[in-house]
Amino acid sequence: MITISHLRKTYGRTVAVDEVSLEVAEGEVLGILGPNGAGKTTTVECVAGLRTPDSGTVRVAGLDPRADRAALTRLLGVQLQESRLQPKITVEEALRLWSALYDDPLPWRGLVERLGLEDRVRSKFRDLSGGQQQRLSIALALVGRPRAVILDELSTGLDPRARRDAWQIVRDLSADGVTVLLVTHAMEEAHQLCDRIAIIDAGRVRALDTPDALIAGASAATVTSFAVEDTVDLESLRQLGSVSGVRTDAGRIVVEGSDGAALDVLADLARQRLAPTGLRVVDGTLDTAYLQLTDGIHAHTPEEQPA
């Protein structure tokens, strides 16, 4: 559904997007993660036709976002990180206006109910809270029954209930065959919703895989913690091939490592004739994988640049 090939975008001497290539299948939810200024928003704005790449190509269902702009707007919905409407326009007026642009729009009242805006339909945009403005932006992105949708910081400003409802909308979109590009900083959101995740930093794709595969490939795929009554030879634990890190935390020993690290730790403790208490073994997190992949790389490119 979406193909990005060798995309490059610069602002003066600053490289915002550097040879990014991605393919997103129909019905797939692809998460795009990365630090502020990494090139995430610039990338999806090129997909939406809001920016012109310096080089490379973008196609959405075979359409060029710039050359085929009119056709693209009929199949691509866009919820940007920060959207502004005319201050005096009401929720109802905005949804009626957007609905009029499409041949077969979704019933806007149903979207209003799903996004918890039913009691604000006559409220002006300027009087909405940040979270309510965000929900309206999501509704406007979906009212045209898009085949693909860009959601940039979907849950920013949403309370827990609204966030849960927004997540369910993404799941429903994917189940209906809609392709979703989800730009987010929320690791739990990415893990819960995305089929695959692209981690972008300094304008480049640093990793592309399923959430579980990214976690499994991290140096801390599992975290083993325990307490012991006697002194532990921490250096012995650090020398284990499956272990990537050992530290103490509030009287407990915390060991990070690969999937087999817990068994190796227990075997080493047995050799030290130590019996661990309160043993816990948990999977690593997407946060850990993300930090490992972006560690030491600092992007300085502001994502919001004049077009």
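As the structure is a computational prediction, the values presented were derived from the model and not from experiment. Worth knowing before you read on, the calculation uses all heavy atoms, side chains too, and leaves out hydrogens, waters and symmetry mates.
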Which pairs count as side-chain hydrogen bond (donor to acceptor under 3.5 Å, both in side chains) when at least one residue sits in residues 179-190, sequence neighbours excluded?
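Listed by first then second residue: Asn36-His185, Glu153-His185, Ser155-Glu189, Trp167-Glu189, Thr184-Glu189.
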Under 3.5 Å, is there a donor-acceptor pair between the side chain of [X] and the main chain of [Y]?
X: Gln272; Y: Asp233; value: yes
X: Ser99; Y: Leu95; value: yes
X: Lys9; Y: Asp54; value: no
X: Arg145; Y: Asp104; value: yes
X: Lys88; Y: Phe125; value: no
X: Gln79; Y: Ile150; value: no
X: Thr277; Y: Ala227; value: yes

Closest approach of [X] to [Y] (non-hydrogen atoms, all atoms of both residues):
X: Val121; Y: Trp108; result: CG1-CZ3, 4.3 Å
X: Ile197; Y: Ala190; result: CD1-CB, 3.8 Å
X: Asp264; Y: Ser242; result: OD2-OG, 2.6 Å
X: Gly77; Y: Pro146; result: N-CB, 3.5 Å
X: Val47; Y: Leu76; result: O-CD2, 3.9 Å
X: Gly34; Y: Tyr290; result: C-OH, 3.1 Å

Side chain to side chain donor-acceptor pair (under 3.5 Å) partners of [X], counting only residues at least two apart:
X: Thr222; value: none
X: Gln239; value: Glu235
X: Ser123; value: Arg120
X: Thr288; value: Thr285

How about [X] and [Y]: do any of their side-chain heavy atoms sit closer than 4.5 Å?
X: Ile200; Y: Leu33; answer: no
X: Leu140; Y: Val78; answer: no
X: Asp159; Y: Arg163; answer: no
X: Pro53; Y: Val17; answer: no
X: Leu237; Y: Val243; answer: no

Only one of Leu214, Leu286, Val205, Asp209 passes side-chain contact (heavy atoms from CB on, under 4.5 Å) with Ile199, and that residue is Leu214
Same apolar cluster: [X] and [Y], side chain cutoff 4.5 Å:
X: Leu117; Y: Ile138; result: yes
X: Val180; Y: Val183; result: no
X: Val255; Y: Leu274; result: yes
X: Val44; Y: Val149; result: no

Return the set of residues passing salt bridge (Lys or Arg N to Asp or Glu O under 4.0 Å) with [X] (not counting sequence neighbours), or none when no residue passes.
X: Arg271; result: Asp268
X: Asp18; result: Arg8, Arg204
X: Arg147; result: none

Notebook entry, point to check: Is the number of heavy atoms from other residues, nucleotides or ligands within 6.0 Å of CD (Glu23) greater than 12?
Noted result: no
(Q) How about CG on Asp119, more than 12 heavy atoms from neighbouring residues, nucleotides or ligands closer than 6.0 Å, or not? (A)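 Yes, enclosed.
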Exercise. Would you call Glu113 and Arg109 a salt bridge, using N to O less than 4.0 angstrom?
Worked result: no
Drop me the distance from [X]'s [atom1] to [Y]'s [atom2], to the nearest 0.5 angstrom.
X: Arg96; Y: Ile89; atom1: CZ; atom2: CD1; result: 12.0 Å
X: Thr43; Y: Leu22; atom1: OG1; atom2: CG; result: 7.5 Å
X: Leu151; Y: Gln134; atom1: CG; atom2: CD; result: 9.0 Å
X: Glu28; Y: Asp195; atom1: CD; atom2: CG; result: 5.5 Å
X: Asp212; Y: Asp283; atom1: CG; atom2: CG; result: 8.0 Å
X: Arg135; Y: Leu111; atom1: CZ; atom2: CG; result: 13.5 Å

As a quick check of understanding, evaluate side chain to side chain contact (heavy atoms under 4.5 Å, CB included) for Leu181 and Ile32, giving each step before the final call. CA-CA 7 Å; Leu181 274 182; Ile32 300 181; 4.0 Å; yes
Check: residues 58-72 side-chain donor-acceptor pairs under 3.5 Å, at least two apart:
from	atom 1	to	atom 2	distance (Å)
Asp64	OD1	Arg66	N	2.9
Asp64	OD1	Ala67	N	3.4
Arg66	NE	Thr52	OG1	3.0
Arg66	NH1	Gly49	O	2.6
Arg66	NH2	Thr52	OG1	3.1
Asp68	OD2	Asp64	N	2.8
Arg69	NH1	Ala48	O	2.4

Run the numbers on Gln132 and Val91 for side chain to side chain contact (heavy atoms under 4.5 Å, CB included), then give the verdict. CA-CA 10 Å; Gln132 290 165 346; Val91 170; over 6 Å; no
Just distance, no hydrogens or angles: give the donor-acceptor pairs under 3.5 Å from side chains in residues 246-254, sequence neighbours left out.
from	atom 1	to	atom 2	distance (Å)
Arg247	NH1	Glu256	OE2	3.1
Arg252	NH1	Gly278	O	3.3
Arg252	NH2	Ser225	O	3.1
Arg252	NH2	Ser225	OG	3.0
Arg252	NH2	Gly278	O	2.6

Members sharing Leu263's hydrophobic cluster, built from side-chain contacts under 4.5 Å between Ile, Leu, Val, Met, Phe, Trp and Tyr, are none
> What's the verdict on side chain to side chain contact (heavy atoms under 4.5 Å, CB included) for Leu208 and Leu30, showing C-alpha distance, side-chain angles and the deciding distance?
Replying inline: CA-CA 10 Å; Leu208 175 63; Leu30 178 71; 3.9 Å; yes
Exercise for the section: Go through the steps to decide whether Ile4 and Ile2 satisfy the test side chain to side chain contact (heavy atoms under 4.5 Å, CB included), and finish with yes or no. Expected result: CA-CA 7 Å; Ile4 304 170; Ile2 299 173; 4.2 Å; yes
May I have the list of side-chain donor-acceptor pairs in residues 170-177 shorter than 3.5 Å, sequence neighbours left out?
from	atom 1	to	atom 2	distance (Å)
Asp172	OD1	Gln168	NE2	2.9
Asp172	OD2	Arg114	NH2	2.8
Ser174	OG	Gly27	O	2.7

